[in-house]
Amino acid sequence: MVKYSNTALDRTFAALADPTRRALLARLEPEADGMPVSALAEPFRCRCLRS
């Protein structure tokens, strides 16, 4: 069996394993073009931090 030691790839797959993150990605379809981040996050219990 081949073993990979790629931390960035591991973190990417770990992030995609999260159901909320997958749902946010699903909302980024073409009809979401121009939609503000706050509107994308609206159905989820999260808050958008402003810089």
Side-chain angles (χ1 to χ4, degrees):
M1 178 174 186
V2 177
K3 290 188 178 186
Y4 294 99
S5 178
N6 186 336
T7 305
L9 190 59
D10 290 343
R11 287 192 295 172
T12 301
F13 281 107
L16 291 173
D18 182 87
T20 302
R21 290 182 179 141
R22 283 197 317 268
L24 278 168
L25 287 173
R27 290 179 55 90
L28 291 175
E29 294 182 16
E31 63 264 10
D33 188 33
M35 183 183 289
V37 173
S38 57
L40 285 169
E42 190 175 309
F44 309 103
R45 282 188 65 184
C46 62
R47 46 184 189 152
C48 300
L49 301 176
R50 295 183 185 189
S51 54

(request) Name all residues meeting the side-chain contact (heavy atoms from CB on, under 4.5 Å) criterion together with Ala15; count only those two or more places apart in sequence or in a different chain, and write none if there are none. (result) Arg21
(request) Compare every heavy atom of Arg27 with every heavy atom of Leu40, then report the nearest pair and how far apart it is. (result) O-NE, 3.1 Å
(message) Restricting to non-hydrogen atoms, name the atom on Ala17 and the atom on Arg22 that form the minimum distance, rounded to 0.1 Å.
(response) O-NH1, 2.8 Å
